[in-house]
Amino acid sequence: MYEYIKGILAELTPSYAVVETTDGLARLINISLSTFSELEGKKDCKLFLHHIQREDVQQLYGFFDKTERQVFRLLLDVSGIGPNTARVILSTMKPQELQRAVMQEDSKTISRVKGIGAKTAQRVVIDLKDKISKLGEIEISGAQNSPQINSLQREEAVAALIMLGYPKNQAEKGADTALKKNPAMKAEDIIKFALREVK
């Protein structure tokens, strides 16, 4: 079981980070938008890991702090939610927003996440209400400073949406719709908009 990885941030996108460690190996680690926000502008990083191992695939998911990893693991316990769906949820809603929705039994807010229907959203509320209340008040800060949006960030957002399960044409449509609404959107906001609004 891996606990965390610490090293040089060799590459960063809204959906994954490549971390090079002192042994000279570089690991590709799947991340959420919340973690991406925390890593922007950094040269070194430490990510708390969750390792997925199946017969045909091994994947690492990384989180800026242990609380986000805890919420990710709780989501994996919900029937019908796999690691990629859990990551999409944490890319659409920050952990404290999900906690609030679960505690208020607000399944409608959860169902706005791409790939989450009404029944799955209700399952999230039912399965997690007791568990997520034990985490206490979750506080996770996001990065506030970002460069002005440009075509490169649009491409970055589209690439991330494709990795999160969107067909290319839908990813491009979501990015373009977001930018029509607000041309100054940064990449992570484009992605969040698409995850919430484009089905």
Side-chain angles (χ1 to χ4, degrees), residues 1-54 56-78 81-99 113-115 124 128 131-132 134-147 152-153 155-166 186-192 194-195:
M1 177 71 73
Y2 298 107
E3 176 59 19
Y4 65 82
I5 187 170
K6 191 174 182 181
I8 298 168
L9 191 57
E11 186 179 349
L12 178 66
T13 78
S15 56
Y16 70 85
V18 176
V19 181
E20 183 180 340
T21 53
T22 53
D23 57 10
L25 291 175
R27 279 88 172 176
L28 189 149
I29 301 163
N30 297 292
I31 60 172
S32 70
L33 280 177
S34 294
T35 291
F36 169 76
S37 296
E38 297 288 356
L39 293 179
E40 273 192 302
K42 290 183 169 60
K43 293 182 179 178
D44 301 306
C45 71
K46 177 180 179 180
L47 292 174
F48 294 94
L49 298 174
H50 181 84
H51 183 214
I52 303 285
Q53 183 170 358
R54 301 192 183 113
D56 57 340
V57 68
Q58 289 197 47
Q59 292 179 314
L60 288 173
Y61 288 81
F63 307 92
F64 189 76
D65 62 29
K66 288 184 176 181
T67 301
E68 189 184 14
R69 182 176 66 177
Q70 274 182 291
V71 175
F72 177 83
R73 288 174 170 172
L74 289 177
L75 285 167
L76 292 184
D77 288 337
V78 177
I81 293 184
N84 199 51
T85 302
R87 178 174 63 156
V88 171
I89 292 172
L90 288 171
S91 292
T92 308
M93 307 174 71
K94 291 198 174 189
Q96 73 269 26
E97 293 172 336
L98 178 62
Q99 183 193 42
V113 176
K114 179 185 180 290
V124 170
L128 297 191
K131 296 175 184 176
I132 209 165
K134 295 174 183 176
L135 295 178
E137 184 62 29
I138 300 171
E139 292 183 7
I140 295 180
S141 60
Q144 297 299 317
N145 298 322
S146 63
L152 184 62
Q153 289 199 39
E155 289 174 15
E156 191 175 66
V158 168
L161 287 165
I162 291 170
M163 290 192 71
L164 291 170
Y166 273 90
K186 55 185 179 179
E188 66 182 281
D189 291 328
I190 296 171
I191 298 164
K192 285 183 179 180
L195 289 172

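Given the structure is predicted, the values throughout are model-derived calculations rather than measurements. For reference, positions follow the sequence shown, starting with 1. What's counted below: heavy atoms across the whole structure, side chains too, no hydrogens, waters or symmetry copies.
You'll find the side chain of Tyr61 stays beyond 4.5 Å of the side chain of Arg69, heavy atoms only. In this structure, the side chains of Ser34 and Leu90 stay at 4.5 Å or more apart for every pair of heavy atoms. Residues Cys45 and Lys6 are not in side-chain contact: their nearest non-hydrogen atoms beyond the backbone lie 4.5 Å or more apart. For the pair Leu28/Leu60, no side-chain contact is recorded, criterion being any heavy-atom separation below 4.5 Å from C-beta on. Residues Ile29 and Ile5 form a side-chain contact, since some pair of their non-hydrogen atoms from C-beta on lies under 4.5 Å apart. Using a 4.5 Å cut-off on side-chain heavy atoms (C-beta onward), Ile31 and Phe64 make no contact. Using a 4.5 Å heavy-atom cutoff, the side chains of Val57 and Gln59 are in contact. Using a 4.5 Å heavy-atom threshold, the side chains of Asn30 and Ile52 count as separate.
In this structure, Arg87 CZ and Ile81 CD1 are separated by 14.5 Å, a value rounded to the nearest 0.5 Å. Note that the NZ atom of Lys114 and the CD1 atom of Ile191 stand 13.0 Å from one another [nearest 0.5 Å]. The CG atom of Leu33 sits 7.0 Å away from atom CG of Leu195, with the distance rounded to the nearest 0.5 Å. Note that CD of Gln70 and CD1 of Ile132 are 10.0 Å apart. Values are rounded to the nearest 0.5 Å. The CD atom of Gln99 sits 10.5 Å away from atom CG of Leu74, with the distance rounded to the nearest 0.5 Å. Separation of atoms NZ (Lys192) and CE (Met93) is listed at 11.0 Å; rounding is to 0.5 Å.
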Counting only pairs under 3.5 Å, give me each side-chain donor-acceptor contact of residues 13-24, with atom names and distances, residues two or more places apart or in other chains.
from  : atom 1 : to    : atom 2 : distance (Å)
Thr13 : OG1    : Ser15 : N      : 3.2
Thr13 : OG1    : Ser15 : OG     : 3.4
Thr13 : OG1    : Tyr16 : N      : 3.0
Thr13 : OG1    : Tyr16 : O      : 3.2
Tyr16 : OH     : Glu11 : OE2    : 2.8
Thr21 : OG1    : Asp23 : OD1    : 2.4
Thr21 : OG1    : Leu25 : O      : 3.3
Thr21 : OG1    : Arg27 : NH1    : 2.6
Asp23 : OD1    : Leu25 : N      : 3.0
Asp23 : OD1    : Arg27 : NH1    : 3.3
Asp23 : OD2    : Arg27 : NH1    : 3.4
Asp23 : OD2    : Arg27 : NH2    : 3.4

Show your working on side chain to side chain contact (heavy atoms under 4.5 Å, CB included) between Val113 and Thr85 and close with a plain yes or no. CA-CA 9 Å; Val113 176; Thr85 302; over 6 Å; no
Where do Asn84 and Met163 land on the side chain to side chain contact (heavy atoms under 4.5 Å, CB included) test, with the steps shown first? CA-CA 9 Å; Asn84 199 51; Met163 290 192 71; over 6 Å; no
Is there a side chain to side chain contact (heavy atoms under 4.5 Å, CB included) between Leu9 and Lys43 once you walk through the steps? CA-CA 5 Å; Leu9 191 57; Lys43 293 182 179 178; 6.0 Å; no
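In this structure, Lys42 places its NZ atom where more than 12 heavy-atom neighbours from other residues, nucleotides or ligands lie under 6.0 Å away.
Under the side-chain hydrogen bond (donor to acceptor under 3.5 Å, both in side chains) criterion, Thr92 pairs with no residue at all, not counting sequence neighbours.
When every heavy atom of Gly62 is checked against every heavy atom of Leu49, the shortest pair comes out as CA-CD2, 4.1 Å.
Within the 3.5 Å criterion, the main-chain N or O of Asp65 finds no donor-acceptor partner in the side chain of Glu68.
Aromatic ring centres of His50 and Phe63: separated by at least 6.0 Å.
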